[in-house]
Participant: 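Dumping the structure here so I can ask a few things about it.
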Amino acid sequence: MEAAFRLVARLRGAPALHPRGLTCTADLDVVDDGGGPWDVPWLDDAPKRYTATVRLSRGAGLPRRMPDALGLAVRVEQVDGPGSLLDLLLTSSGRGRVTRHLPLPRADALGGPYSSLLTYRVGGVSRTLAAFPRRTRQASVHGDPESLAEALAAGPLVFDLCAETTDRAWRRFAVLTARTPLPVPREQSLGFDIYAHSAPGFTPGNALAATRRAAYRGSRAGRKGSSSPPPRVP
């Protein structure tokens with residue numbers, strides 16, 4: 001797995017998956033929905049705003065006219081104190097009990113939810129995470145970087161971040177607002193890694209962990225062998 005992802009990243013000169021994307025500034029507002037504590041320090045300290053960075057991308061890098069598995073990568077700063085980072089990687093999916101675990105290709109970036117696909121341990125409970133776009137405009141927003149930049153020029157893109165409950169419903173824990181594109185080349189990523197960047201009480205589950213870690217290592221190694229490191233985000 002690691003070798004395969006290294007080769008693909010080297011050939012593409014970009015991440016093995018989600019090779020082109022738009023990176024932008026964002027805010028993440030933790031909300032108190034009245035449903036009781038999560039037993040997660042940063043979620044139970046609501047309401048609170050965190051600085052974040054978002055990358056929106058197309059998973060396979062297919063031609064624009066074709067639907068693709070769309071990606072929503074989120075990096076939240078200082079959730080566990082100065083210098084700490086929390087990364088979330090979500091993929092376009094369905095919202096049903098089965099389809100929330102399956103990638104669902106689509107063209108419209110606001111056409112449906114994004115899911116972690118696999119579960120997280122949130123306060124000791126296994127929960128799938130999801131981001132539900134708020135449809136604040138009539139026209140669809142295509143998932144390619146150019147269309148996303150045009151959409152952000154007209155206003156922010158807003159997502160409700162939710163965690164699965166024990167009865168498989170959704171409970172909101174934060175609002176994510178993507179705002180201004182950053183000068184990060186579209187073939188470069190900030191090196192999102194959900195295993196290296198997690199938070200106490202809020203960690204990815206063990207399912208496919210070894211495989212995913214190998215894929216991340218291979219993709220990073222392949223990019224380093226083909227291009228310079230991503231620029232630092234101001």
Participant: Holding to side chain to side chain donor-acceptor pair (under 3.5 Å), I want the full list of residues that pass it with D39, two or more places apart in sequence or in another chain.
Facilitator: none
Participant: Who are the salt bridge (Lys or Arg N to Asp or Glu O under 4.0 Å) partners of D29, not counting sequence neighbours?
Facilitator: R49
Participant: If the condition is side chain to side chain contact (heavy atoms under 4.5 Å, CB included), which residues does R134 pass it with, not counting sequence neighbours?
Facilitator: T136, V158, D160, R172, V175
Participant: Would you say F132 ends up clustered with L70 if hydrophobic residues are merged whenever their side chains have heavy atoms under 4.5 Å apart, either directly or through other cluster members?
Facilitator: no
Participant: Just to verify, which of D193, D87, T53 counts as forming a side-chain hydrogen bond (donor to acceptor under 3.5 Å, both in side chains) with R75?
Facilitator: D87
Participant: Going by side chain to side chain donor-acceptor pair (under 3.5 Å), name the residues that satisfy it together with D27, two or more places apart in sequence or in a different chain.
Facilitator: R179
Participant: I'd like to know if V122 and L85 are part of one continuous hydrophobic network [Ile/Leu/Val/Met/Phe/Trp/Tyr, side-chain heavy atoms within less than 4.5 Å].
Facilitator: no
Participant: List in chain and number order the residues that pass salt bridge (Lys or Arg N to Asp or Glu O under 4.0 Å) with E146, two or more places apart in sequence or in another chain; answer none if no residue qualifies.
Facilitator: R20, R186
Participant: R171: which residues meet the side chain to side chain donor-acceptor pair (under 3.5 Å) condition with it, sequence neighbours left out?
Facilitator: D33
Participant: Can you name the side chain to side chain contact (heavy atoms under 4.5 Å, CB included) partners of D108, sequence neighbours left out?
Facilitator: L110, R135, S140, V141
Participant: Can you list everything that forms a side chain to side chain contact (heavy atoms under 4.5 Å, CB included) with A107? Sequence neighbours excluded, please.
Facilitator: H142
Participant: Apply salt bridge (Lys or Arg N to Asp or Glu O under 4.0 Å) to D45 and list each qualifying residue two or more places apart in sequence or on a separate chain.
Facilitator: K48
Participant: Identify, with sequence neighbours excluded, every residue that meets side chain to side chain contact (heavy atoms under 4.5 Å, CB included) alongside A131.
Facilitator: L72, L90, Y114, F159, L161
Participant: Could you work out, with salt bridge (Lys or Arg N to Asp or Glu O under 4.0 Å) as the rule, every residue matching R106, not counting sequence neighbours?
Facilitator: none
Participant: Under the side-chain contact (heavy atoms from CB on, under 4.5 Å) criterion, do F202 and L88 qualify, and how do the steps go?
Facilitator: CA-CA 11 Å; F202 196 94; L88 301 175; 3.7 Å; yes
Participant: Can you name the side chain to side chain donor-acceptor pair (under 3.5 Å) partners of R121, sequence neighbours left out?
Facilitator: S126
Participant: What about F192 and L117, same hydrophobic cluster or not, with Ile/Leu/Val/Met/Phe/Trp/Tyr joined at side-chain heavy-atom distances under 4.5 Å?
Facilitator: no
